[in-house]
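Written below as structure tokens is the structure these notes are about.
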Amino acid sequence: MAETAFMDKLTALCKRRGFIYQSSEIYGGIGGFWDYGPLGVELKRNIKDLWWRDMVTNPPNGADGHEVEMVGVDCSIIMNPKVWEASGHATGFADPMVDCRQCKARFRADKIWQLLVLQEEATEAFFKAREFERDNPGSKVNTEAGLLLAVGAEADGAAEVMSRAQSLIRSEAKKRNVAPLKRASVTDVKRKALFAVAESDNDESTGYLGVLARPVQVALEIQVCPNCQSVGTLTEPRAFNLMFQTYVGAVQDDSAKAYLRPETAQGIFVNFKNVLDTTRVKVPFGIAQVGKSFRNEINPRNYTFRSREFEQMEIEFFCHAADSMKWYEFWRKVRFDWYVNLGLKSEKLRLRDQGPEELAHYSKACADIEYLFPFSDEHQELEGVAHRGNYDLTQHAKHSGKDLTYFDDEAWERDKANFGGDKAKEKTAKNAEPYRFLPTVIEPSAGADRATLAFLCEAYTEDQAPDENGVMQTRVLMKFHPKLAPIKVAVFPLVKKEGMPDIAQAIYRDLKQHMTAFYDDKGAVGRRYRRQDEVGTPFCITVDGDTLKDGTVTIRDRDTLAQVRIHKDAVRDWLRERLGR
RNA sequence: GCGGGUGUAGCUCAGUGGUAGAGCGUCACGUUGCCAACGUGAAUGUCGUGGGUUCAAGUCCCAUCACCCGCUCCA
């Protein structure tokens, strides 16, 4: 793919200029973890800071035309493990899962075995094997011979099931135009399957995963979806939890097990009541959080795009169900525009509404903000804006036993006269909609590292610029939006004499109090410009002979190479105007 | 997770079983008069890691780790 060369050049630049390093590099690295270098940390922090400023400190006016009320939290990464039971992360994905590509059904891999066409027979054989063990004390049915012996008695019934499975597989394979199964006969498969079941039951040394792995493997070899009966459409099982496990306290037993959070959102939900009780916010309002999350990705890849440790920028926006679609539309647009305004070109950036089949059962709508990265032919998710209903608060209310409902004082004060002073009626009405309710949540959840990578990809540019002889040369530059640029301004003396360095340094010392600034007096000025181009510094200020006479300096634009000349005392305001601060 | 590929200086890469290399970059000094390739000089490597074969391994073999590509996957 031609774009591989692009990523190679970008990753080389990121390393060379200190944007991104591989984690633990001198020890050979570690898969799925990355470090930000001196320039990378500035870039990423600019992204996070701007997000916070634009979404929390000073968000745009809301769907109702009023100012949007936003507050922040910063929650611990390790939480009570019950949080993950409530959220579904611990239970839903602790088991190996298998998906059908055809009908999108998902099965627990250990259950799929029971659902398959050979179900009855296998179960039967399994119990036969158990009986055999019981009737023959001291023996273990953990050999193929022993199992076949156990199955032997049921040979007649087995033949029927087998031929049914065989013909089903053949016809499905033909219908879907997929390659027929490679094995000689289903008998073989069946034998292996039965063996695997017995073995997994007897062998505890392989543990939970080992026990499941074999029957699952066999089930996959048979390749019939229990739901839609398609052949060859099942994925391999994802046979482990994506949660990072750890232990709290020095004793590492099961009671001390805990997890590094796989998302920052749950910290917000868990603190929903705290924020309500302590900050005078009123629905609708949002809680924001920026922080690290951890997922044991099966296959981290594509540079920093899918890392095992990553940073999220999440908002949970709480509103009344009746207004929720308005707010959903609001955030969907606000978040998309945010990327555009910071320089992601709209032809590579896409706002994609998820189809009904993609939505979680509790979700009314979800839109992904996706970017066409150079390493992929398809758009990849930067951020998801999800309408989550009141699922999360419901779950936490249920699991914690705490009341997480919201009471709308204003609406009640407005309406309570309608109940004519009937205390019983009032009491009933107060504790129901629309006065007391579990807020609906709109969740814009962005990946800080993914955004950083997208801005890096977008910024990388090669163009032609003249050298000192007027010959065009390839120039590499990072066209960061000035607000994102790691270094805002570089200050140079044109040459290192006649007092130019002193003036330049004075300018530099003034500027660095207000923005990231860089001073350089080494080598030809053209070379210094190019060095700044490569790290995306939008403006370079040069002190020259005229400065000595009239106090003016040149400001050179990274993208156009154009220069303007202004008085050195006006430089700071000139820059701040263009940096939006 | 499977298959294929790569791993040598900060970056890009040469390197036939026999002394560790180039270009760019970096640093120092000189030069400098607005867009990288002027001069002189300098630093830089357990050749990804660990074993093995060999008199001798960057080179051959095995294992392992990381990255890239394809499939797979991505709440």
Side-chain angles (χ1 to χ4, degrees), chain A residues 1 3-5 7-9 11-18 21-34 37 84 87-94 96-99 101 106 213 217 220 234-243 262-263 265 293 295-303 305-306 358 360 363 366 375-377 380-381 384 386 445 464-477 492-498 500 521-534 540-548 553-558 561-563 565:
Chain A
M1 200 189 299
E3 296 289 16
T4 303
M7 285 308 291
D8 286 350
K9 282 192 277 192
T11 53
L13 184 145
C14 284
K15 170 75 187 290
R16 191 169 70 238
R17 305 311 301 262
Y21 310 125
Q22 196 184 359
S23 170
S24 325
E25 191 182 309
I26 62 169
Y27 289 102
I30 175 169
F33 297 90
W34 300 88
W84 310 113
S87 69
H89 289 90
T91 51
F93 292 87
M97 303 295 279
V98 171
D99 294 302
R101 283 185 280 257
R106 172 173 285 169
Q217 260 171 19
L220 289 171
L234 296 179
T235 62
E236 285 179 18
R238 292 172 298 151
F240 46 84
N241 194 342
L242 299 184
M243 301 260 279
E263 61 174 36
S293 293
R295 297 182 191 182
N296 240 325
E297 297 288 352
I298 297 170
N299 190 357
R301 204 172 274 197
N302 289 332
Y303 206 27
F305 183 79
R306 182 167 298 124
E358 290 178 85
S363 178
C366 185
F375 53 72
S376 172
D377 294 332
Q380 304 279 337
E381 181 179 343
S445 169
Q464 298 290 313
D467 65 13
E468 60 180 347
N469 301 315
V471 179
M472 297 306 273
Q473 302 286 347
T474 297
R475 178 177 74 126
V476 173
L477 67 157
F492 310 142
L494 183 60
V495 289
K496 213 176 354 179
K497 57 185 184 188
E498 294 169 22
M500 292 183 204
D521 61 12
K522 304 218 170 37
V525 73
R527 171 182 297 259
R528 285 176 261 159
Y529 285 143
R530 294 297 168 88
R531 269 199 282 247
Q532 293 304 316
D533 290 341
E534 211 180 35
C540 292
I541 291 169
T542 302
V543 171
D544 60 15
D546 288 356
T547 315
L548 305 175
V553 296
T554 61
I555 302 182
R556 175 261 199 188
D557 183 273
R558 175 194 67 201
L561 307 181
Q563 292 187 2
R565 177 167 282 277

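Here the structure is a predicted model, which is why all the values come from computation and not from measurement. Sequence lines set the chain letters: A, B, ... in the order given, protein chains first and strands last, and positions in each chain run from 1.
Rounded to whole Å, the C1' atom of B:rG50 lies 23 Å from the corresponding atom of B:rC55. Straight-line distance between the C1' atoms of B:rC68 and B:rG48: roughly 15 Å, to the nearest whole Å. B:rG51 and B:rG58 have their P atoms separated by 14 Å, given to the nearest Å. Rounded to the nearest Å, the gap between the P atom of B:rG17 and that of B:rG7 is 16 Å. A gap of 23 Å separates the P atoms of B:rC67 and B:rU59, to the nearest Å. Rounded to whole Å, the C1' atom of B:rG5 lies 44 Å from the corresponding atom of B:rG39. Comparing B:rU31 with B:rU40, their P atoms are spaced 16 Å from each other, to the whole Å. Between the P atoms of B:rA75 and B:rA36, the separation comes to 48 Å (whole Å).
Nucleic acid contact for A:Gln22: sugar-phosphate only, since backbone atoms but no base atoms lie under 4.0 Å from a heavy atom of the residue. Heavy atoms of A:Ala12 sit under 4.0 angstrom from primed sugar atoms or phosphate atoms, though from no base atom. A:Tyr303 comes within 4.0 angstrom of sugar-phosphate atoms only, judged by non-hydrogen atoms across all strands, and of no base. Residue-level contact check: A:Ser87 touches neither bases nor backbone, having no heavy atom under 4.0 Å from any strand. Using a 4.0 Å heavy-atom criterion, one finds that A:Gly32 contacts the sugar-phosphate atoms exclusively. Across all strands shown, A:Gly31 has heavy atoms under 4.0 Å from sugar-phosphate atoms exclusively, and none from any base. Using a 4.0 Å heavy-atom distance criterion, A:Glu498 is classed as a base contact. Note on A:Met500: a base of the nucleic acid sits closer than 4.0 angstrom, heavy atoms only.
Under the Watson-Crick or G-U wobble criterion, with both distances below 3.5 Å, B:rU46 is left unpaired in every strand shown. If you check B:rC73 for Watson-Crick or wobble pairing at under 3.5 angstrom, you find it has no partner at all. Remark: B:rG7 base-pairs with B:rC65; criterion is Watson-Crick or G-U wobble with both hydrogen-bond distances under 3.5 Å. With both pairing distances under 3.5 Å, B:rA56 is matched to nothing as a Watson-Crick or G-U wobble pair. As the counterpart of B:rU19, no nucleotide is assigned, since no Watson-Crick or G-U wobble pattern has both distances under 3.5 Å. Base pairing of B:rG41 is made with B:rC27, judged by Watson-Crick or G-U wobble geometry with both donor-acceptor distances under 3.5 Å. Across all strands shown, B:rA36 remains unpaired; no Watson-Crick or G-U wobble contact has both distances below 3.5 Å.
Here the P atom of nucleotide B:rC67 and the CZ atom of A:Phe305 are 16 Å apart, to the nearest Å. In this structure, A:Asp521 atom CG and B:rC34 atom C1' are separated by 16 Å, rounded to whole Å. In this structure, the CD1 atom of A:Ile26 is 15 Å from the P atom of B:rA9, given to the nearest Å. Between the C1' atom of B:rU12 and the NZ atom of A:Lys15 lies a distance of 12 Å, rounded to the nearest Å. Between the NZ atom of A:Lys9 and the P atom of B:rC11 there is a distance of 17 Å, given to the nearest Å. Rounded to whole angstrom, the span from the CG atom of A:Asp557 across to the P atom of B:rC35 amounts to 16 Å. Protein atom CD of A:Glu25 is 12 Å distant from nucleotide atom C1' of B:rG7, rounded to whole Å. Regarding A:Ile555, its CD1 atom lies at a distance of 17 Å from the C1' atom of B:rC35, rounded to whole Å.
Annotation for A:Pro300 and A:Gly32: closest pair CB-CA, 3.7 Å, computed over non-hydrogen atoms. For the residue pair A:Leu561 and A:Ala465, the shortest heavy atom distance occurs at CD1-CB, 3.9 Å. Closest non-hydrogen pair, A:Ser24 versus A:Ile30, comes out as OG-CG2, 3.6 Å. Among all heavy-atom pairs drawn from A:Gly545 and A:Met500, the shortest one is N-CE, 3.8 Å. The two residues A:Gly37 and A:Tyr21 make their nearest non-hydrogen contact at CA-CE1, 3.5 Å.
No donor-acceptor pair closer than 3.5 Å links the side chain of A:Arg17 to the backbone N or O of A:Ala12. Between the side chain of A:Arg530 and the backbone N or O of A:Arg475 there is no donor-acceptor pair closer than 3.5 Å. Formation of a donor-acceptor pair under 3.5 Å by the A:Arg558 side chain with backbone atoms of A:Asp533 is not found in this model. When atom types are taken as modelled, the side chain of A:Arg528 and the backbone of A:Gly523 share a donor-acceptor pair closer than 3.5 angstrom.
For the residue pair A:Thr474 / A:Gln464, a side-chain donor-acceptor distance below 3.5 Å is found, with atom types taken as modelled.
Under the 4.5 Å side-chain criterion, counting only non-hydrogen atoms from C-beta, A:Arg556 is not in contact with A:Gln532.
Side chain of A:Arg301, nearest nucleotide from B:rC34, B:rG1, B:rC67: B:rG1. With B:rC34, B:rC35, B:rA75 as the choices, the nucleotide that has an atom nearest any side-chain atom of A:Pro262 turns out to be B:rA75. Considering only the side chain of A:Trp34, B:rC67 comes nearest among B:rC67, B:rC69, B:rU32. Side chain of A:His89, nearest nucleotide from B:rC69, B:rC35, B:rA75: B:rA75. The nucleotide whose nearest atom lies closest to any side-chain atom of A:Arg295 is, among B:rA75, B:rC34, B:rA36, B:rA75.
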Pull out every protein N or O sitting under 3.5 Å from an N or O of nucleotides 44-46 of chain B, one pair per line with the distance.
none

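For A:Tyr529 against B:rC34, a side-chain-to-base donor-acceptor contact under 3.5 Å is present.
Sequence order on RNA chain B of the closest nucleotides to A:Gln380 and A:Lys497 puts A:Lys497 first from the 5' end.
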Under 4.0 Å protein heavy-atom contact, by nucleotide of nucleotides 22-29 of chain B - B base, S sugar-phosphate only: ---SS-S-
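For the side-chain contact (heavy atoms from CB on, under 4.5 Å) criterion with A:Leu494, the lone passing option out of A:Asp521, A:Val543, A:Thr547, A:Val525 is A:Val525.
Under the rule for a ring-ring contact (aromatic ring centres under 6.0 Å, His included), the partners of A:Tyr303 that lie at least two apart in sequence or sit in another chain are A:Trp34.
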